[in-house]
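Any value given below was found using the heavy atoms of this structure, including those in side chains, with hydrogens, waters and symmetry copies removed. Every number for a ligand or one of its atoms is a count from 1 in the order of the listing. Each residue takes its place number in the sequence, starting with 1.
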Amino acid sequence: MAKRVFNFNPGPSALPLEVLRQIQEEFLDYKGTGMSILEMSHRSKEFEEVNNRAMALVREIAGLGNNYKVIFVGGGASMQFSMVPMNFLAAGKTACYADTGEWAHKAAKEAKRVGNVNVLYSSETAKYDHVPTPAQLKVPGDAAYLHVTSNNTIYGTEYDSFPDTGSVPLVCDMSSDMFGRTRDFSKFSLIYAGAQKNLGPAGVTMVIVRDDLLAKCPDNIPTMLNYKTHAEKDSLYNTPPAFGIYVVKLVLEWIQAQGGLKKIEEVNRTKKDIIYGMMDNNPGYYKGTVQKPSRSWMNLTLRMPSEDLEAKFISEAKKAGFVGLKGHRSTGGVRVSLYNAVSLEATQKLAEFMTSFMKANPK
Ligand SMILES: *Cc1c(COP(=O)(O)O)cnc(C)c1O
């Protein structure tokens with residue numbers, strides 16, 4: 001049996017062990033074809049089944065109907081920063097953005113290359129320690145869309161709820177909390193998520209887009225950057241990131257096998273409560289960096305009494321089998337990423353480690 005660590009990486013990140021095992025099992029001979037899924041045509045019946053099942057599972061888990069198209073594309077979530085405005089920010093219109101972290105900031109920056117942008121709200125001067133309340137995001141009725149970032153991976157904040165934007169499309173980057181908790185997904189006209197945080201491997205990005213928004217895609221942009229191209233062909237206009245889609249399908253099946261999104265949410269709630277509990281009970285030692293109503297369930301950020309202690313904590317944790325706890329290079333500190341594949345057991349073990357570290361290293 002391979003030696004596995006407790007993996008708290010922020011992305012790419014842990015995948016469920018059951019999924020890795022299934023990949024391994026099917027790797028050399030996919031369902032009696034005598035070849036790996038890596039080696040077969042994306043137009044084969046076997047891959048078509050994988051692709052169709054993945055799209056259906058996304059709709060099933062999200063509770064969405066056939067008026068939403070699911071597509072899988074390359075280019076990472078970062079390419080969506082450009083595709084969204086290229087498709088939906090028409091000349092003379094203004095797109096609204098909430099600037100709640102590095103990724104949200106980059107999304108707005110790319111939109112500015114395309115057209116008019118109104119940054120409705122920014123928490124930048126507060127070092128991105130919170131996200132706005134729905135009431136703080138008042139969207140003008142003639143806006144092209146409102147873009148929000150549901151979970152700010154680097155700063156450790158997450159929206160609890162989203163504004164009602166009426167007829168203005170709500171667009172969301174859910175890269176780091178997609179299917180980490182229940183949401184009313186039907187509020188959104190477009191959702192995108194790079195798979196490598198909570199859904200699968202790097203190299204594939206999931207996009208869910210509603211028909212009425214899709215109808216607005218212009219014809220004068222590059223074919224590959226047009227959502228319609230991919231939606232009309234079920235992501236098979238060209239060769240899609242086939243292996244990535246296959247792994248995403250397995251992860252979605254794993255979510256269903258756990259009892260679905262409700263059950264995933266329940267476990268994730270317990271996990272984040274354990275680590276936030278550690279911060280709340282020891283605020284002089286493990287000090288949370290964000291405002292409580294904005295706390296992320298997926299990326300929990302904290303500071304310790306000194307940078308030396310933080311470095312010691314990260315290195316001793318690693319020796320004890322807990323990896324990926326170093327804060328982002330732009331923020332420092334410690335970041336505990338509790339994506340779906342991080343088990344309750346791993347979270348409890350980390351909390352025990354934090355307790356014993358604190359006792360052994362008084363400030
Ligand atoms: C990681 C991340 C991105 C960037 O994803 P890439 O696939 O590397 O382009 C964008 N948004 C959020 C919220 C992220 O966490």
Side-chain angles (χ1 to χ4, degrees), residues 7-15 71-86 97-111 113 119 121-124 128-132 145-160 162 170-181 183 185 188 190-208 224-225 230 235 240-241 243-245 247-248 251 268 289-290 294-301 324 326-331 335-342:
N7 184 348
F8 296 91
N9 276 331
S13 36
L15 284 165
I71 63 180
F72 299 105
V73 290
S78 298
M79 197 171 80
Q80 298 304 309
F81 298 167
S82 301
M83 276 179 75
V84 166
M86 286 174 84
Y97 279 75
D99 176 13
T100 53
E102 206 161 299
W103 300 115
H105 195 86
K106 281 185 174 158
K109 189 174 157 201
E110 290 306 310
R113 294 175 188 275
V119 177
Y121 189 92
S122 176
S123 49
E124 188 177 9
Y128 293 124
D129 73 347
H130 66 284
V131 293
Y145 57 83
L146 168 66
H147 180 284
V148 293
T149 308
S150 54
N151 184 72
N152 298 280
T153 326
I154 295 172
Y155 293 92
T157 62
E158 186 177 18
Y159 288 83
D160 199 43
F162 298 91
L170 183 58
V171 173
C172 189
D173 176 357
M174 288 199 190
S175 292
S176 50
D177 67 349
M178 187 72 206
F179 293 152
R181 57 197 281 191
R183 297 280 195 194
F185 294 98
F188 301 90
L190 187 146
I191 294 165
Y192 61 89
Q196 71 273 22
K197 271 78 178 226
N198 216 14
L199 293 174
V204 56
T205 300
M206 187 186 86
V207 181
I208 309 175
M224 276 298 287
L225 300 178
H230 303 288
S235 316
F243 192 75
I245 296 170
V247 180
V248 168
V251 171
N268 285 344
T289 62
V290 308
S294 296
R295 281 176 163 179
S296 168
W297 292 30
M298 296 276 105
N299 311 100
L300 291 64
T301 49
K326 198 169 170 16
H328 190 265
R329 59 188 183 279
S330 63
T331 59
R335 170 171 52 171
V336 182
S337 295
L338 298 178
Y339 297 123
N340 292 351
V342 175

Asks: Within the side chain of Tyr192, is there an N or O that forms a donor-acceptor pair under 3.5 Å with the backbone of Thr205?
Replies: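 Judged by distance alone, no pair lies under 3.5 Å.
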Asks: For Asp177, give me all partners under side chain to side chain contact (heavy atoms under 4.5 Å, CB included), at least two apart in sequence or on another chain.
Replies: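 Expected list: Ser150, Asn151, Glu158, Met174, Arg183, Met298.
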Asks: Once rounded to the nearest 0.5 Å, what's the spacing between atom OG of Ser13 and atom NZ of Lys197?
Replies: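 Going from the OG atom of Ser13 to the NZ atom of Lys197 covers 8.0 Å.
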Asks: Near ligand 1, which residues have a heavy atom under 4.0 Å away from one of its atoms?
Replies: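 Ligand 1 pocket, heavy atoms under 4.0 Å: Gly76, Ala77, Ser78, Phe81, Trp103, Thr149, Asn151, Thr153, Asp173, Ser175, Ser176, Gln196, Lys197.
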Asks: Partners of Ser235 by side chain to side chain contact (heavy atoms under 4.5 Å, CB included), sequence neighbours excluded?
Replies: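 Ile71, Phe72.
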Asks: I'd like to check the ring pair (Phe, Tyr, Trp, His ring centres under 6.0 Å) partners of Phe243; sequence neighbours left out, ordered by chain and number.
Replies: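 Residues passing ring pair (Phe, Tyr, Trp, His ring centres under 6.0 Å) with Phe243: Tyr246.
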Asks: Is the centre of the Phe185 ring less than 6.0 Å from the centre of the Phe179 ring?
Replies: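 Yes, they do, as the ring centres are separated by less than 6.0 Å.
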